[in-house]
Amino acid sequence: MNNQELLSETEWKFDDTSKIPFWAYTNKGIYEKELKNIFYKKHWCYVGLEAEIPEPGDFKRTVIGERSVIMVRNEQGEIHVVENICAHRGMRFCRKKHGNAQSFVCPYHQWNYTLEGDLQGVPFRRGVKQDGQVKGGMPKDFKPKEHGLTQLKVAQRGGVVFASFDHDVESFEDFLGPEMLHYFDRMFNGRKLKVLGYNKQRIPGNWKLMMENIKDPYHPGLLHTWFVTFGLWRADNRSELKMDEHYRHAAMISTRGSGGKNEQTTNVSSFKEEMQLNDPRFLDVQPEEWWDGPTAVMMTVFPSVILQQQVNSVSTRHIQPNGNGSFDFVWTHFGYEDDTPELTERRLRQANLFGPAGFVSADDGEVIEFSQEGFEAKKDYQTLVELGGRDIEHTDHMVSETLIRGMYDYWRKQMGV
Amino acid sequence: MTTELYLKLTQFYQDYAASIDLEEWDSWFNMFTDDCIYKIQSRENYDRDLPMAALSLEGKGMLKDRIYGVTETIFHDPYMQKHVVSAPRVISSSEDFIDAQANYSVFRTKNDGIAEVFNVGRYVDRFVIDGDSLLLQSRVCVFDNDMILNSLIYPI
C-alpha cells in the first residue's frame, strides 16, 4: 500500500477534538506526514543541553524525528547541529554517542567535514597521475561547498539547544509564545546546568501518547497510586493549565497543598491512610527560590520534548519516534552549577520517582503500551476527551482534558485532516 | 580466598537470583546490610561517571519501600523474571570484604508472551563478611542495554 491509499482512511468525522480517532495513532501514512509536516518543518525540536558539550570539539549524537543529527561545539565555542548523513553515499558516519572531534570524517571514502558541516576534503578529488596523465577524480565543476552536511538552524536559550531543518522557522521565542516562555525561563534562568545522567526507555506506543500523558492532569492521582499513598498528590491542590495561543505547547502548574487526605481528594480504591515510607528521603523536598511558588511545572514543547520540574527533580524528556507505534524516551536529568552536594543528592533520590523504573513514571509507559494495543485492533474507533467540556481553554483546576483537545486542534491544522 | 569462601560466594549469587525470580522479597532485602547501596544503572552513566541511575536506593528502608511500590502501587503488566548469573569473578578480598563481579542476563516473560532478553549486564559488588555469612554492602547492576524495554519494575 502506498501512503495515498493509507491516508484515504483518515477522515476526521467529529465536530471537534473531544474525540480522537484511533487512526491518528495507527496509520503509517499519517505518521510519515507527521515527520514531514511537524518534526522536519515549522517546529523547533530539542537536541540537548549546552552542558553536554562544554569543550570545543565536543559532540553529542541525537535525533530529530527519525533523522540522526549531531550537536557539536566548534573551535570558536559556537554550537552547530548537522545531519549525520554523508553527502557522498548517504552513510550515517558518526557512530559514537558522544565524543570530541576536530572534524567529521566518513570512514567509507574519507570525506572530511568541518565541525560546522562544510566539506573540506575529498580523497582523489583530482584523480591519480599515471603515465603522465591525470585519470579519474571528480568532475572539474565539482564544488565542495555544494556538498556539505545538511546544516540545521539552531536556537539556544538558558542552556538548552533546539534545532530545525526548516531555516524559515519562526524565532524560538515566537515559537514558544510569551506564556510558555515564562515557564521555560523559570527553569532555565541562565544558571549553568550540570548534567546528572540519562535514563532511556523504548515505549511501544505512538509518540503523541506521551505528549498527551503530560497534558492529562486527570490520571496522576488515579493511576499513580504511589503519589496519592504518600500524600504528594491531591485533586484540590492549587493548579493551572495553560497553553500557547496555538494550543500546541502547554504547562501543568501545581502547588502542593498541606491539607489532610480524604476520600474526596483521592478517589483511589487502593488508598491506604496509614502508609508511611520506611525512608522518607524519597520525598525530602528542599524548596528552591526559582520555583516562585509552584512545586511542579510539567511543560510539553510540541512535538519533541517535555520539561519536568517535580519538586527538586528537574529533567528534559526527549521524544524520539521510530514508527507510528513506538518511540524512544530519553530523560536527561540535571542540576544547576550552584547546587550544594546535599541538593544534588536530593535531586538524585527524587529521581527514583521518575524514568523507566520510577515509582510514578513506570506506570505511564505501561498504559501507553496498552492504549496502543487497543488502537491497533480497532482502527475505526476513537478515544474520548471530554473531561472539563469540549472547549479549549485555560483552567485553574486539574479536572480537565482541555490541553489534549488543544493539541489535536493544532495537529489537525498541521496535518490537513 | 579459601575454596570454602568462594563456594559460599557462588552460592550467594545463585540464592540472590532465585529469591528475585521466585519473588521472595524478604529474603532479597535480607541479603543486604542496613546501610547498603543498590543501583540499577546504565553502562553509559556508569562509564561516564554520571551519578544518575534507573533506580538508586540507599539503605534497607528504601529497598523495602521499593518492594511496596512493586507489589502495591506501581501499575504494570505482570511478568516473570529468570536470571542467569555467571560464576563470580573475585576482584579482591580481605578478612572483612570481598569485591566481586558477575555477568547476568535477565529474561522477561509476560502473561501472554514468550521469554525475551530484558536486561543484560554486570553486577559490581562489595560484600561484607559477617561471621559465617555474606551480606551485600553495595550492588550496582550495570546494564548494557541502551534502552530499557518500556519499564523496569522488579529488582534485578
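In what follows, chains carry the letters A, B, and so on, assigned in the order in which the sequence lines appear, proteins first and then strands, with residues in each chain numbered from 1. Everything numeric here is computed off the predicted structure, so don't read it as measured data.
Within 6.0 Å of atom CD in A/E337, more than 12 heavy atoms from other residues, nucleotides or ligands are found, so the atom counts as buried in its surroundings. Counting non-hydrogen atoms of other residues, nucleotides and ligands closer than 6.0 Å to CZ of B/R89 gives a total of 12 or fewer.
Of the two parts of B/R66, the backbone and the side chain both hold a non-hydrogen atom closer than 4.5 Å to a non-hydrogen atom of chain A. Heavy atoms of A/H98 lying under 4.5 Å from chain B belong exclusively to its side chain. Proximity to chain A involves both the backbone and the side chain of B/L55, based on heavy atoms less than 4.5 angstrom apart. Of the atoms belonging to B/D146, heavy atoms from both backbone and side chain fall under 4.5 Å from chain A. Neither the backbone nor the side chain of A/F227 comes within contact range of chain B; no heavy atoms are under 4.5 Å apart.
Nearest heavy atom pair, residue A/V285 against residue A/R346, reads C-NE, 4.3 Å.
The most heavy-atom pairs under 4.5 Å with chain A, out of B/L63, B/I40, B/D77, B/L149, come from B/D77. With respect to chain B, the highest number of heavy-atom pairs below 4.5 Å among A/F370, A/W331, A/F354 belongs to A/F370. Heavy-atom pairs under 4.5 Å with chain A were tallied for B/K60, B/E58, B/H76, B/K64; the largest tally goes to B/E58. Heavy-atom pairs under 4.5 Å with chain B were tallied for A/D364, A/L196, A/I203; the largest tally goes to A/L196.
For the pair B/R126 and B/F97, the cation-pi criterion (under 6.0 Å, within 45° of the ring axis) is fulfilled.
Taking the six-membered ring where the residue is Trp, the centroids of B/Y154 and B/W28 are separated by 6.0 Å or more. Aromatic ring centroids of B/Y104 and B/Y13 lie 6.0 Å or more apart.
The structure places CZ of A/R61 at 6.0 Å from NZ of A/K97, a figure rounded to the nearest 0.5 Å.
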